[in-house]
Protein chains: 2
Amino acid sequence: MSSGEEHPRVAQQGPGRLDLNQFLPYRLNRLADRISDELERMYAQRYDLNVAQWRVLAWLSHCDDLTAKKVCTYTNMDKARVSRAVQALVDRGLVTRTPSARDQRVHDLHLTPEGAALLSRLIPEAQDWEAELVATLSAGEYRDLLNAMGKLERQLERIG
Amino acid sequence: MSSGEEHPRVAQQGPGRLDLNQFLPYRLNRLADRISDELERMYAQRYDLNVAQWRVLAWLSHCDDLTAKKVCTYTNMDKARVSRAVQALVDRGLVTRTPSARDQRVHDLHLTPEGAALLSRLIPEAQDWEAELVATLSAGEYRDLLNAMGKLERQLERIG
DNA sequence: GGCAGATAGTTGCATATGAAACCATCCCGG
DNA sequence: CCGGGATGGTTTCATATGCAACTATCTGCC
């Protein structure tokens, strides 16, 4: 760790050169990846959940009457990925999937008591960890950050 | 697209509930993923590059005398992934990999003229796209955003 | 000099993922 | 009604990835 340079020697700027540290997509990705890695370790080690499963559970805690399709749109995950995550959660008895009375194609997803119990342990841990992460930001900085991210997401919809 | 609700009905908050839209790791990941998806489409369609390959190229444009190890530490990518990305770039004649005179274990990476030419077309496109993305942010908001992200990264090092 | 451990990089293997094909159900126009 | 799409969801298949084992080289210590 102390052997190599922590920061690269930067070549002169200019056309055909890209300063990645000023390139938002790169910075955002690096940060998100590192955060994701940390949380993933937490879910995986203690609860044997992968990211997709965690997201499904989190949405189930967040809003009632969920379906796989909704999870796809909310989380931007592929429907195959969601399907497999839900399957794993059903197999573990954390979630129920029942065909909707209205539309037999749709399956309503719900937490089982076991799933709710697991979440009631996991969520506080995740929130504590997040609190520690953002401890260096003031309340205003935190608000501005979420705000800027919201603007970027809306701009993405416009561009894409 | 217009059929489903864009925003989920949110259940009551409380213990055991998690509002994902206020949960920074989730928000950050979703934003980074969406941006990444867009850029990936751009690299892939027009230049037949995947993300790992693009990152290696970008670092090569950014600083001279690079090695696979440095790419690993800078980008947080697995060394196998970097190795395969470099291999692909060498096969395509975009990058050279020569054993270092000092240490036969390390390989110096350099752009070929072809690689530099490709970057000189790709980088402006990426920058234009980024400019469009952040067009909704004021200069101050943009600076604050990068600043907050820097703080989070430093805090991550402390925590992890 | 020479062995023990570290380090750069590659390769083999198991798994996670996305795209596309597929199935079942629903909806709509005639 | 009923036939052609659309839609929710699953499965199949190819690929990308991470981990671990491995090779080759280097470094330090005796």
Side-chain angles (χ1 to χ4, degrees), chain A residues 1-5 29 33-34 36-41 43-45 48-56 59 65-91 95-109, chain B residues 1-5 29 32-34 36-41 43-45 48-56 59 65-91 95-110:
Chain A
M1 175 138 312
S2 56
S3 63
E5 316 167 34
N29 237 307
D33 275 357
R34 285 180 175 161
S36 196
D37 282 352
E38 285 297 320
L39 278 179
E40 208 172 332
R41 201 178 345 267
Y43 316 145
Q45 281 185 353
D48 195 32
L49 296 172
N50 67 25
V51 175
Q53 292 161 9
W54 152 252
R55 285 182 187 165
V56 172
W59 273 105
D65 80 302
L66 206 60
T67 70
K69 180 66 197 305
K70 289 182 184 178
V71 175
C72 288
T73 60
Y74 299 161
T75 64
N76 220 33
M77 288 195 290
D78 187 86
K79 59 183 183 169
R81 192 179 175 192
V82 172
S83 173
R84 290 186 266 247
V86 168
Q87 185 60 53
L89 294 172
V90 170
D91 289 347
V95 164
T96 60
R97 176 186 43 190
T98 55
S100 162
R102 305 305 183 87
D103 184 339
Q104 295 295 119
R105 292 172 304 178
V106 176
H107 298 264
D108 292 324
L109 303 177
Chain B
M1 178 138 308
S2 56
S3 63
E5 314 167 34
N29 237 306
D33 276 357
R34 284 180 176 162
S36 196
D37 282 353
E38 284 299 320
L39 278 179
E40 207 173 332
R41 203 180 341 269
Y43 315 145
Q45 282 185 354
D48 193 33
L49 296 172
N50 66 25
V51 175
Q53 292 161 10
W54 152 253
R55 287 182 186 165
V56 172
W59 274 105
D65 81 302
L66 206 58
T67 69
K69 180 66 197 307
K70 289 182 183 176
V71 175
C72 288
T73 60
Y74 300 161
T75 64
N76 221 30
M77 290 195 290
D78 187 86
K79 60 184 184 169
R81 192 179 174 192
V82 172
S83 173
R84 289 186 261 248
V86 168
Q87 185 61 52
L89 295 172
V90 170
D91 289 347
V95 164
T96 60
R97 177 185 41 190
T98 55
S100 161
R102 303 306 182 89
D103 184 339
Q104 296 294 119
R105 291 173 304 179
V106 313
H107 298 263
D108 291 326
L109 303 177
H110 287 288

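Within every chain, numbering begins at 1; the chains are lettered A, B, ... in the order of the sequence lines, protein sequences first and strands thereafter. All values below come from the heavy atoms of this structure, side chains included, with hydrogens, waters and symmetry mates left out. This is a predicted model, so every value here is computed, not measured.
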Participant: In whole Å, what is the span from the CD atom of B:Gln87 to the P atom of D:dT17?
Facilitator: 15 Å

Participant: Output the rounded distance in Å from NZ (A:Lys69) to P (D:dG8).
Facilitator: 4 Å

Participant: Whole angstroms only, please: what is the NE2-P distance between B:His107 and C:dG9?
Facilitator: 6 Å

Participant: Let's go through B:Val90 and B:His107 carefully: what are the C-alpha distance in whole Å and the side-chain angles of both, what is the deciding distance for side-chain contact (heavy atoms from CB on, under 4.5 Å) to 0.1 Å, and is it a yes or a no?
Facilitator: CA-CA 12 Å; B:Val90 170; B:His107 298 263; over 6 Å; no

Participant: Could you say whether A:Met77 or A:Arg105 is positioned toward the 5' end of DNA chain C, judged by the nucleotide with the nearest heavy atom to each?
Facilitator: A:Met77

Participant: Are A:Leu89 and A:Leu49 close enough, and set up right, to give a side-chain contact (heavy atoms from CB on, under 4.5 Å), and what steps lead you there?
Facilitator: CA-CA 9 Å; A:Leu89 294 172; A:Leu49 296 172; 4.1 Å; yes

Participant: Starting at NZ of A:Lys69, measure out to CZ of A:Arg105 and round the result to the nearest 0.5 Å.
Facilitator: 10.0 Å

Participant: Counting side-chain heavy atoms from CB outward, which of C:dG9, C:dT17, D:dG8 is closest to B:Val106?
Facilitator: C:dG9

Participant: Looking at the side chain of B:Ala80, which of C:dT10, C:dT11, D:dC26 is the nearest nucleotide?
Facilitator: C:dT11

Participant: From the options C:dA8, D:dT10, C:dT10, select the nucleotide whose nearest atom is closest to the side chain of B:Ser83.
Facilitator: C:dT10

Participant: Report which part of the nucleic acid B:Ala68 touches: base, sugar-phosphate, or nothing (heavy-atom distance under 4.0 Å, all strands).
Facilitator: sugar-phosphate

Participant: Which value, rounded to the nearest 0.5 Å, describes the distance between A:Arg81 atom CZ and A:Gln53 atom CD?
Facilitator: 10.0 Å

Participant: When you measure from the side chain of B:Asp78, which nucleotide among C:dA6, D:dT10, D:dC19 comes out closest?
Facilitator: D:dC19

Participant: Below 3.5 Å, does any donor atom in the side chain of A:Lys79 face an acceptor in the base of D:dG9, or the other way round?
Facilitator: yes

Participant: Check if the side chain of A:Arg84 and the base of C:dG18 share a donor-acceptor pair of N or O atoms closer than 3.5 Å.
Facilitator: yes

Participant: Check whether any side-chain N or O of A:Arg97 sits under 4.0 Å from OP1 or OP2 of D:dT10, and answer yes or no.
Facilitator: yes

Participant: Can you measure A:Arg81 atom CZ to D:dT11 atom P for me and round it to whole angstrom units?
Facilitator: 18 Å

Participant: Taking the side chain of A:Gln104 as heavy atoms from C-beta outward, which of D:dG9, C:dC26, C:dT17 is closest to it?
Facilitator: C:dC26

Participant: Rounded to the nearest 0.5 Å, what separation is found between the CG atom of B:Leu66 and the CG atom of B:Leu109?
Facilitator: 5.5 Å

